[in-house]
Amino acid sequence: MYTCQGPAPALSGPVRQVQTDSKRHPWRRYTDAVTEHTQQPTATSAPLAEGRTPTPAELPTQYVPAEAEGKLYERWVENGWFEADAASDKPPYTIVIPPPNVTGSLHLGHAFQHTLMDALTRRKRMQGHEALWLPGMDHAGIATQNRVEQQLAGEGKSRHDLGREAFVERVWKWKDEYGGRILGQMRRLGDGVDWSRERFTMDEGLSRAVQTIFKRLYDDGLIYRAERIINWCPRCLTAISDIEVDHEERDGELVSIRYGEGERSIVVATTRAETMLGDTAVAVHPDDERYRHLVGTEVELPLTGRRIPVIADAHVDPAFGTGAVKVTPAHDPNDFEIGRRHDLPMLTVMDDHAVITAHGPFQGLDRLEARSAVVGALREQGRIVAEKRPYVHAVGHCSRCHTIIEPRLSMQWWVKVGPLARAAGDAVRDGRVTIHPKELAGRYFQWVDNMHDWCISRQLWWGHRIPVWYGPDGEVRCVGPDEQPPSGPGWTQDTDVLDTWFSSGLWPFSTLGWPDDTPDLAKFYPTDVLLTGHDIIFFWVARMMMFGLYAMDGEVPFRTIALTGLVRDERGKKMSKSFGNVVDPLDWMEKYGSDAVRFTLARGANPGVDVPIGEDWVQASRNFANKIWNATRFALLNGATVEGPLPAPERLGATDRWILSRLNSVIAEADAYYDDYQFAKLCDTLYHFAWDEVFDWYVELSKTTFAAGGPEAEASRRVLGEVLDALLRLLHPVIPFVTEELWTTLTGRPSLVIADWPGDSGFRDRAAEAELAAVQQLVTEVRRFRHDQGLQPGQRVPARLDLGATPLPPHEEAIRALLRLQPPAGAFSATATLDAGGATVSLDLSGVIDVAAERKRLTKDLAAAEKELAQTAAKLANESFLAKAPEPVVAKIRTRRAQAEADIARITAQLDRLPAA
RNA sequence: GGGCGCAUAGCUCAGUGGCAGAGCGCUUGCCUUACAAGCAAGAUGUCACAGGUUCGAACCCUGUUGCGCCCACCA
């Protein structure tokens, strides 16, 4: 008998006013009314009085997630169950959250990754680990600065009107007001993060970590300042790193220009004609016979009146274009290298805004205006040799604002990545860090093995300012966090800030208190899993590896890198604003519950593969949650219990032994899938076990057991309680809300969050499994027959069961109940007899049997069985097969042949027994 | 230019030598007292194409075609 014990919350949700008068309320209207009702829940059930058995009318038949979820989450947080204890002697399990941008809001990609991280930490917590999932946000340099600048623009101001200090203050104010919306959304999603440890990349501790590592790298010669060609965004007005440039194939125009005159002229090709204003040489390949006579001479650079040398450099590809290249060292990375090798002047002809600064008619023109103006002027002079022709080439764009990048000579700060990247590569190569799925390891190596030095300075105001001071006599001093910056006349700090990924690269240890030797750092570093999208392997993952290994004396930042795909729409299309297929997960969470969104995402999570999601699928997940709800409701109404020891197998019927055997197998499978980050298979396994085996078969069978009463029913109540208890525990990491709501009611215990993870007891009962398979086979066969014969599901049919020498006799009552068979009363005339697994079921259909339909059906089955027999027999007659195939395979084929033979005999017998039409 | 991946039911995807699967969708019947957000029964496939290896290929190999992604300083 169910009694409500302890402080568990009662089931909540609206009571559906069950309308039973089907005459006044036709069926269709009834379901519509239900839908409407659940979308706008009004009534809620009062908590059940303690110790009273709920009646069906009191328990809502539909789960309303929106009501339960917020309340449950607050309870978890208030009880401090997500807070990790560094002093605990439990083994640690740590995940740091990929810090979302402070400007961001929760999208399906976050919901997806957060679901998986939450599932991992919740399970580990249940398994007895000191589980820490550490939350926080990234200050997101450019993105945030842009946002606030936009706001200022609305007021007709620019950041320069405010000045640096006031602007940064304004960004902080913005952050306090609008930033971090995503944190509230994470609560809605159910993220079990430790809010007491929330961090921000610009908070005091993390800023100190940034300064510390900068100083250390600087002192080690791994950070330096140099003038190089960098990627310059003329809109953001800052340098950006190579990976912040998106290359897109664009139709450009390749124009050929003649430099010099007559014999001594040379034709070059370019897509950026305006850069010719900064040309300081023409380069040809050293072995190119066509131009050998020109090397060492000078040609006139049109429009400028300058003369520039023709030089030989092996970089030039003689097969491309004319084989001659104009060299603009200040505006092209290759040309810069050529210029360095040949000691050419570096002539800058554009300013920060990509406006021409070179004296002459083009001064003041934007680069694109200048491009056509320059081509026009050249054409007037007859310098355009061939008409410009279309040419597809990759053009770099700013990943933030999509402006075309201008390569530009500039003094910037750099990280020398060589030694750091080598260590980062080795850590994966020698297995100290595992990349999952392993197919994506190649992408990681491709990056760390070929990485160029990293430009880390940004000409922004929002971010960690570079801790370097310049003295009046050209001194450069890098200042550590505990040092006084130099003061006195002429000393100024570098005005640049650091790339936002510099601070996020420290995330796994800076959040734990580094550079201090904190208990958190000792307990929780290295972290266990880094779970993130494969799109930020280079931006973030590789950099954390480099910095982690460097700062933590070679200790890896995480042991496993679990890479996820991107979330797509239900047609597998990328979600984007321009397609109009972007979904706000909050909408779905309100409509179907967080559990439904979480389960759908987890169910699609094949490692490293993109995840499609559609509203229909979320609905299906909601249905699953509701199914669990109702199954538990059934259990409660029938006195399922988790109290007392599980009865010994000898005291249990085959049905109970079967489900316990299956449960333990499923626990083992679930554990394997969790450990391997196979969330899709995990969810599928639990879904089918729960729905197909427990709900559709076990629950149905247990109705008969309960009806019979006695000690077996009593034992069965305990087993049903056990199975549901374990199932709810297994599902809790993925769908924490509905499981919590049900489990606390079922068990009377405080919370699944702090409950134990179920273990595989090792109990298996193959005999019981086979027995129940036979029950299912028989029931399915007779159901099929009933359906084919057009019998109403509820129609009772007199029948005799001859269960013969099968293990089925103990299940006779259950079989009768499932098949709506009643014992024949009085005269019985068998009009149809079915065989399954050695048992026969004879039905009295009082002459209503549709013989033709059944004959057709059986004939079809017979043909299938005969085909199977022919195939298996042929195989077993094949000498080569017998000689070479492994024994289990041969045995399997033999079994199949035997089965086919038995089927043929059975079907033939049934056909023979069919009355004449 | 270099590299990686994919092609299986109407849709989205599992399956990786031994009986072709799941979810959603579809068809038929059903108010069956836990659940119509449900139950029962059912249909649906040139496993992209062409060769090869093998007793046996959706799976391994070669090629073809069509998609997708990542990297890239050839003007």
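In what follows, every chain begins at residue 1, and chains take the letters A, B, ... in the order their sequences are listed.
- Rounded to an integer number of Å, the gap from A:Leu440 CG to B:C71 P is 13 Å.
- Atom C1' of B:C30 sits at a distance of 35 Å from the matching atom of B:G15, rounded to the whole Å.
- Closest contact between the side chain of A:Arg820 and the listed nucleotides B:U32, B:A37, B:C13 involves B:U32.
- For A:Trp691, whose side chain is taken as the heavy atoms from C-beta onward, the closest listed nucleotide among B:G38, B:G23, B:A41 is B:G38.
- A straight line from CG of A:Asn630 to C1' of B:A34 spans 5 Å, rounded to a whole angstrom.
- Which of B:A72, B:C74, B:U12 sits closest to the side chain of A:Phe320 comes down to B:C74.
- A donor N or O paired with an acceptor N or O is not found under 3.5 Å between the base of B:U12 and the side-chain atoms of A:Arg571.
- The side chain of A:Trp617 lies closest to B:G23 when the candidates are B:G18, B:C30, B:G23.
- Under the Watson-Crick and G-U wobble criteria, each requiring two contacts below 3.5 Å, nucleotide B:G21 is paired to B:C13.
- Residue A:Thr780 is classed as a sugar-phosphate contact, given heavy-atom separations below 4.0 Å to backbone atoms only.
- At least one side-chain nitrogen or oxygen of A:Lys627 sits closer than 4.0 Å to the OP1 or OP2 atom of B:C39.
- As the counterpart of B:G42, B:C26 is assigned, both hydrogen-bonding distances of the Watson-Crick or G-U wobble pattern falling under 3.5 Å.
- For A:Arg896 (side chain) and A:Glu868 (main-chain N/O), no donor-acceptor pair under 3.5 Å exists by modelled atom type.
- Nucleic acid contact class of A:Lys438 (heavy atoms, under 4.0 Å, all strands): none.
- Residue-level contact check: A:Phe695 touches the bases, meaning some heavy atom is under 4.0 Å from a base atom.
- Across all strands shown, A:Arg603 has heavy atoms under 4.0 Å from sugar-phosphate atoms exclusively, and none from any base.
- In this structure, the CG atom of A:Leu636 is 13 Å from the C1' atom of B:C35, given to the nearest Å.
- With contacts defined as side-chain heavy-atom distances shorter than 4.5 Å, the pair A:Trp697/A:Asp692 does not qualify.
- No engagement by A:His534 is indicated, since no non-hydrogen atom pair under 4.0 Å with the nucleic acid exists.
- Using cut-offs of 30° and 60° on the angle between ring planes, the pair A:Phe599 and A:Phe624 is tilted.
- With B:G29, B:A75, B:A34 as the candidates, the nucleotide lying closest to the side chain of A:Thr270 is B:A75.
- A gap of 13 Å separates the C1' atoms of B:A36 and B:A40, to the nearest Å.
- B:A75 and B:G68 are spaced 30 Å apart, taking the C1' atom of each and rounding to whole Å.
- Using a 4.0 Å heavy-atom distance criterion, A:Gln792 is classed as a sugar-phosphate-only contact.
- Closest of all the heavy-atom pairs between A:Gly323 and A:Val316 is O-CG1, 3.4 Å.
- Among the atoms of the strands shown, none is found under 4.0 Å from any heavy atom of A:Asp535.
- Taking only distance into account, the side chain of A:Arg622 meets the base of B:A37 through a donor-acceptor pair shorter than 3.5 Å.
- Whole-Å rounding puts the A:Glu337 CD to B:C74 P distance at 13 Å.
- Spacing between atom CD of A:Glu615 and atom C1' of B:U12 amounts to 16 Å, rounded to whole angstrom units.
- Rounded to an integer number of Å, the gap from A:Asn623 CG to B:C24 C1' is 11 Å.
- Here A:Arg857 lies in heavy-atom contact (under 4.0 Å) with sugar-phosphate atoms only.
- Between B:G15, B:C19, B:A41, one nucleotide has an atom nearer to the side chain of A:Lys892 than all others, and that is B:C19.
- In this structure, A:Lys875 reaches the bases: a heavy-atom distance under 4.0 Å links it to at least one base atom across the strands shown.
- Here B:C70 is the nucleotide among B:C70, B:C19, B:A14 with the atom lying nearest to any side-chain atom of A:Arg443.
- A salt bridge links A:Glu615 with A:Lys591: at least one charged nitrogen is closer than 4.0 Å to a carboxylate oxygen.
- Between A:Arg857 and A:Glu854 there is no salt bridge, since no side-chain nitrogen of the basic residue lies less than 4.0 Å from a carboxylate oxygen of the acidic one.
- Within a 6.0 Å sphere centred on CD of A:Glu887, other residues, nucleotides and ligands contribute more than 12 heavy atoms.
- Summarising the geometry, the separation between CZ on A:Arg786 and C1' on B:C39 is reported as 13 Å, rounded to the nearest angstrom.
- Between A:Val699 and A:Ala324, it is A:Val699 whose nearest contact on RNA chain B lies nearer the 5' terminus.
- Across B:G18, B:A75, B:C35, the shortest atom-to-atom separation from the side chain of A:Thr61 is found for B:C35.
- B:A34 and B:G45 have their C1' atoms separated by 37 Å, with the value rounded to a whole Å.
- Using a 4.0 Å heavy-atom distance criterion, A:Asp317 is classed as a base contact.
- Taking atom C1' on both B:A9 and B:A22, the two are 11 Å apart, rounded to the nearest angstrom.
- Base engagement by A:Lys703 is indicated by at least one non-hydrogen atom pair under 4.0 Å involving a base atom.
- Contact annotation for A:Asn878: backbone-only contact, meaning every heavy-atom pair under 4.0 Å involves sugar-phosphate atoms and none involves a base.
- Positionally, the nearest nucleotide of RNA chain B for A:Asp569 lies more toward the 5' end than for the other of A:Asp684 and A:Asp569.
- With a cut-off of 3.5 Å on both pairing distances, the Watson-Crick or G-U wobble partner of B:G5 is B:C67.
- Nucleotides B:C4 and B:A57 are separated by 25 Å at their C1' atoms, to the nearest Å.
- Considering only side-chain atoms of A:Phe538, the nucleotide from B:G38, B:C24, B:C71 that sits closest is B:C71.
- Between the side chain of A:Gln619 and the base of B:A37, no donor-acceptor pair under 3.5 Å is found.
- When distances run from any side-chain atom of A:Tyr687 to the nucleotides B:A43, B:G23, B:A14, the shortest one goes to B:G23.
- Between the base of B:A34 and the side chain of A:Glu700 there is a donor-acceptor pair shorter than 3.5 Å.
- Classification of A:Arg272 and A:Asp332 as a salt-bridged pair holds, one side-chain N sitting under 4.0 Å from a carboxylate O.
- Comparing the C1' positions of B:C49 and B:U65 gives a spacing of 7 Å, expressed to the nearest Å.
- For the pair A:Leu686 CG and B:A22 P, the interatomic distance rounds to 18 Å; values are reported in whole Å.
- Rounded to the nearest Å, the gap between the P atom of B:C47 and that of B:A58 is 8 Å.
- Across all strands, A:Asp696 comes closer than 4.0 Å only to sugar-phosphate atoms, never to a base (heavy-atom distances).
- Within the 4.0 angstrom heavy-atom criterion, no nucleotide atom of any strand lies near A:Arg568.
- A 4.5 Å side-chain heavy-atom check between A:Val694 and A:Phe689 finds at least one atom pair inside the cut-off.
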Is there a side chain to side chain contact (heavy atoms under 4.5 Å, CB included) between A:Trp629 and A:Leu742? Walk through the geometry before answering.
CA-CA 7 Å; A:Trp629 174 274; A:Leu742 293 171; 3.6 Å; yes
